[in-house]
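Encoded as structure tokens, the structure appears first; notes follow it.
A quick note: this is a predicted structure, and the numbers were derived from the prediction, not measured. What's counted below: heavy atoms across the whole structure, side chains too, no hydrogens, waters or symmetry copies. Every chain is numbered from 1 and lettered A, B, ... according to where its sequence line falls, protein lines coming before strand lines.
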Amino acid sequence: MKKYNEYKNPNYAQIGEQMLQFWKENGIFEKSVDTREGQPSFTFYEGPPSANGTPGIHHVMARTVKDIFCRYKTQKGFQVKRKGGWDTHGLPVELQVEKELGITKEDIGKKISVEEYNQKCREAVMKFKDEWDDLTEKMGYWVDLDNPYITFETDYIETLWSLLKRLYDKDLLYKGYTIQPYSPAAGTGLSSHELNQPGTYQDVKDTSMTAMFKVEGTENDFFLAWTTTPWTLPANNGLAVGAGIEYVKVKTFNQYTFEPINVILAKDRVSSYFNDKAKDIKLEDYKAGDKLIPFEVLESFKGRELAGKSYEQLMPYIPLEKPGCTVVVGDFVTTEDGTGIVHISKTFGADDYRVSVMNDMPGVFVKDEEGKDVPIVDKQGKYVKEITDFAGMYVKNEYYSDEERPEKSLDVLISIKLKEENRAFKVEKYEHSYPHCWRTDKPILYYPLDSWFIKTTAYKEQLVALNKTINWKPASTGEGRFGNWLENLVDWNLSRSRYWGTPLPIWVSEDKKEQKCIGSLAELKAEVEKSIAAGFMTESIGEDFDLHRPYVDDVYLVSETGQKMTREADLIDVWFDSGAMPYAQWHYPFENKEIFESNFPADFIAEGVDQTRGWFFTLHALAVMLEDKVAFKNVIANGLVLDKNGNKMSKRLGNAINPFETISNFGPDATRWYMISNANPWDNLKFNIEGVGEVQRRFFGTLQNTYAFFALYANLDGFTFEDAEIPLNERPESDRWILSRLNSLIKEVDQAYNDYEPTRASRAIMDFVTDEVSNWYVRLNRKRFWKGDYDQGKKAAYQTLYTCLVSVAKLAAPVAPFYMDRLYQDLNAVSGKENFESVHLSNFPEANEAFINKDLEAQMILAQTISSLTHSIRKKEKIKVRQPLTKVMVPVLDEKTKQYIEAVQDLIMTEVNVKAVEYIDDASGILVKKVKPNFRTLGKKFGSQMKLVAAAIGQWTKAEIAEIEKNGSINISLEGEPASLLLEDVEISSEDIPGWSVASEGKVTVALDISITDELRAEGIARDFVNRIQNLRKDMGLDVQDKINIQVAKNEALINDALTANATYVCEETQALSLTIVDSLSEAQSVEIDEWTLEVKIAVG
RNA sequence: GGGCUUGUAGCUCAGGUGGUUAGAGCGCUACACUGAUAAUGUAGAGGUCCGUGGUUCGAGUCCACGCAGGCCCA
């Protein structure tokens, strides 16, 4: 006879290890994919992690989310292939290598060759791969680790090149510029990382100026705009205002020229520009040279009213065409400093560039020797010759050598010039924090630098439209964060000035007029052959050619006109690498065409919300541009994992949770279950290790106890579920109830998983197991498992509990894959009901509607409420549950409630140890009803008269309640006006019952008869006695089935009579053959019952 | 500075379309149960629902403005 496994002290971490071993030995993961061959596929894309750092607890979170839905869909019959991947390129890898080698970017090509450097990167990037693989296994994340895609491999890069070429052929790849931090002294752009080095931001004093821009077509109206970089003023091409900001026009005088002027600035900034002491001075009293300058506000308007106004170019060295020199709205405008009007220079500011592009405003450019547009400042930081007055001057005095540095900086000279021209309103020194180049310690410029772009804006409409078809969890990330990002889309800047990454496959001729974009290794080889023929190359490249730098940089091609072509030095954004994984993981289009096509787009992806503009965007952008499809249909953007105080985890602060330790202490299942059930994945999780322990105790502990209870008795009775299932209508009330609940649960959990709501699913399962199965079903039915013969009723109990347990194992398997597989196998090994070797190969339960009985579920809730109320009365009256009582009384307001309670009254009687349930209705005469307004319905009818109605109902007596119950309606008077109320407009419940001990909750009221007759008292004593004997039996180490003989020393008559009267009951409960009261007893044990001490002797019979 | 997001008991979280006594678990206190026992049950205490205004007969819920935390972007 097969037995259910019984465990003394289950060790959840050990269960994890054992199951992992079992999965490995039996290839369960592979089978979970292979056995679904031919079934519809469910496609999942793995967002590649970078293995150059150790995995953290947040990775367990992210991967649990991914794993849950893949396992769920497998159980639902889909084939779910999961290819792992590694993200290997990018700045973090470079930085790590530089740190290890103690070098900087400067040293690359000098102290270390590019070749060696890249070799180091290649090694560093897989440094922690073993640790990652270890975690992947231990946490139970099923993903194919044997054939992962790796972004630095030649096949992968080749796909990237082919995609770039497709974009190039669609005219979506172009060279433009972006405004970036640039160090003229070092002649190089700076990454944001370099800008975030300590010491780069320094406090400096600059000449700041509030310049006057003359409104076109006016006599002397000026816009005031403030700048800390007056040298950018000749490049001014617009002014920006805040749409909602209030502006005023002020009549006053220029403090340098004393001329009368009207100036426009933000209302909030007036007090900063005008001296309050001058506010009472009359304009006509002003004399040239007065210190206090009078002012008068003429009118005011909102920023959006100013938009579109034109002004005269301030420093027209390079005349600008319209719509240059107009006022536009900018979201970056504030009234915290300056005038609330911002000077815009398309070539020297990122915001400026963006707002100019959005409004089609031309920037100020000059032509270089090649006829190309360049800004008015050259790469050394000097003005170009077109700025005649100051040609050749450095725009920052710091750029001059100490000997050459002029006394007056360019900013000062420009200020003087504008003062003289009546175009400067205020000039002053201003101290602020400004970034400096970490190499040269000189200030940086924001400067237009060449970059390659993907013209994503050309597909904006499709991107937006297709995004609306994606199911985002949470929806707000899709609509808000992602949607807004698409609405404000700019072209994708692909260029990165780095060494370790995918090189841009574009070669340019010496005169820059010819370009070639290479889309495959074969194409490159062919081009190289041509180049060899032209004499630019000496040898061919092989099949194993490394597409990385520096090798590709040594490849020169030949143009159509015979010119030598050099590769554009840029690498591409690593986000392109990961966004291209749907194609590149299969080396598509060079191989695996069918696999790619049947696995595109993804049904589901999940990653951190911080990837919104990263991976989520690049996947979407490439799919829309290349395939005119979405890349994923469902996406979960999960939140961060914070420490228990809500702080970000970091190794530096020492608050990081080690995932390996957590798993080995609590096991993988509790860890996963805690993370999923505690908060929705898209909310930040405050990770508290105590919570994991709680989940282990509360959920897994309860489930394990329930299983252990089942196994104990099922083994004794030899229950193997070999008989046919007992028909539902032959099972008792509580079985039908728990099965109804189970089937409702199956529906609910299936729906939740299907909606990508794992938290809802796990909470529902947890509540079912702890509250309904364990605390209600098992507790109420305990006796059925251990008392009496192995009959139909007992079998029903086993079958019912078995079904609940095995179903829970399947429902919860996606979240707790190890434990649930153990549970499933332990059950199935004995019953042999299914042929699956693992729960993960089994099918998700299907709800049977015929088992769902909502009436029964409602009845059971009533039973629970009534029991709970009765317990609370006992508690209040200090009557222990072991003391039987005569009856509880329940007022019933309608026949249906009565029927509901009658259906479960046996349960109630057992649970609260009373002998009867009595129903009190109107006819009894003791029921007193009370009435409450139903605000929900009344509100709709009476609205503002609500208070009157409520007051009127408050006055009702028995008569009115009887009337409305009888007629279904009643007429009342509201301030003389007649009104009619329906029965549904009030809620009728029962009042406390005079003379009874009563408790109520909602509409349910319970009265308990607390009188204890002698007979009841005797029964109570007998039950206490049984309890004491049971304890003694256990102390003596007797088995459940051992028989005994009990002797009790003669005591007070009350005790003696109680035992005599209930001797049969006592014997039956305690497996006693006899109960005798004797005059005296030797070697007896003492037990206490209330105030009495009894001498007892137990002999094994 | 902008977009998105969170704020409910000591802690972690629930609270369709507004409805008058705001819930659960843990923790705490007390009690009970004892053939699930390193388990279990019941009860109790514990809340300016972040603040301020507004809409409404009625706001935890809707609106506006703030405050605090988080993420992304500038």
### Task
State, yes or no, whether a side-chain contact exists between Y707(A) and L703(A) at a heavy-atom distance under 4.5 Å.
no
[N]: pairing nucleotide in any strand, Watson-Crick or G-U under 3.5 angstrom:
N      : answer
A43(B) : U29(B)
G53(B) : C63(B)
U48(B) : none
U17(B) : none

How far, in whole Å, is [M] from [N] if one measures between their [atom1] atoms?
N      : M      : atom1 : result
C11(B) : G47(B) : P     : 12 Å
C62(B) : C49(B) : C1'   : 16 Å
G41(B) : G25(B) : C1'   : 15 Å
A59(B) : C13(B) : P     : 29 Å
C50(B) : G7(B)  : C1'   : 6 Å
U5(B)  : C65(B) : P     : 15 Å
U42(B) : C33(B) : P     : 15 Å
G3(B)  : G46(B) : C1'   : 39 Å

Could you tell me whether [X] and [Y] have their ring centroids closer than 6.0 angstrom?
X       : Y       : answer
Y4(A)   : F710(A) : yes
F785(A) : Y798(A) : yes
F616(A) : W472(A) : yes
F482(A) : H620(A) : yes

### Query
Does a nitrogen or oxygen in the side chain of N705(A) sit under 4.0 Å from OP1 or OP2 of U40(B)?
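No, N705(A) has no side-chain N/O under 4.0 Å of OP1/OP2 on U40(B).
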### Any N/O donor-acceptor pair, T702(A) side-chain to A39(B) base, under 3.5 Å
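A donor-acceptor contact between them is absent.
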Rounded to whole Å, please give me the gap between [atom1] in [X] and [atom2] in [N].
X        : N      : atom1 : atom2 : value
W472(A)  : U5(B)  : CH2   : P     : 13 Å
N934(A)  : G19(B) : CG    : P     : 12 Å
R698(A)  : A38(B) : CZ    : P     : 19 Å
L703(A)  : U40(B) : CG    : P     : 13 Å
F482(A)  : G3(B)  : CZ    : P     : 19 Å
L1032(A) : U37(B) : CG    : P     : 19 Å
E6(A)    : A36(B) : CD    : P     : 13 Å
R763(A)  : A24(B) : CZ    : P     : 15 Å

#### Entry: W615(A): partners by ring pair (Phe, Tyr, Trp, His ring centres under 6.0 Å), with sequence neighbours left out
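Listed in chain order: nothing, the list is empty.
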### Query
On RNA chain B, nearest-nucleotide positions of D771(A) versus T706(A): which is more 5'?
D771(A)
### Task
Would you kindly compare D767(A) and T1070(A) by the position of their nearest RNA chain B nucleotide and give the one closer to the 5′ end?
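Its nucleotide being nearer the 5' end, the pick is D767(A).
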[X] side chain: which of [options] is closest?
X       : options                : answer
R936(A) : U17(B), G25(B), A36(B) : U17(B)
N775(A) : U40(B), G25(B), C4(B)  : U40(B)
F709(A) : G19(B), A36(B), C26(B) : A36(B)
N680(A) : U5(B), G25(B), A14(B)  : A14(B)

### Query
What one-letter contact string describes nucleotides 69-74 of chain B from 5' to 3', where B marks a base within less than 4.0 Å of any protein heavy atom, S marks contact via sugar-phosphate atoms alone, and - marks no contact?
-BBSSS
### Task
Using a 4.0 Å heavy-atom cut-off across all strands, classify T770(A) as base, sugar-phosphate, or nothing.
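Result for T770(A) = nothing.
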### Task
Check every strand shown and say whether V778(A) touches a base, only sugar-phosphate, or nothing at a heavy-atom separation below 4.0 Å.
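It contacts base atoms.
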Could you check whether any side-chain N or O of [X] sits under 3.5 Å from a backbone N or O of [Y], counting only pairs where one atom can act as donor and the other as acceptor?
X       : Y       : answer
Y777(A) : D771(A) : no
T759(A) : A679(A) : yes
T702(A) : T770(A) : no
T456(A) : V490(A) : yes
N684(A) : L640(A) : yes

Under 3.5 Å, which protein N or O atoms sit close to an N or O of nucleotides 8-12 of chain B? Give each pair with its distance.
from: U12(B); atom 1: OP1; to: K686(A); atom 2: NZ; distance (Å): 3.3
from: U12(B); atom 1: O3'; to: N678(A); atom 2: ND2; distance (Å): 3.3
from: U12(B); atom 1: O2'; to: N678(A); atom 2: OD1; distance (Å): 2.2
from: U12(B); atom 1: O2'; to: N678(A); atom 2: ND2; distance (Å): 3.0

#### Entry: Verdict with supporting geometry, N715(A) and E6(A), side-chain hydrogen bond (donor to acceptor under 3.5 Å, both in side chains)
CA-CA 9 Å; N715(A) 284 340; E6(A) 294 186 56; 2.9 Å; yes
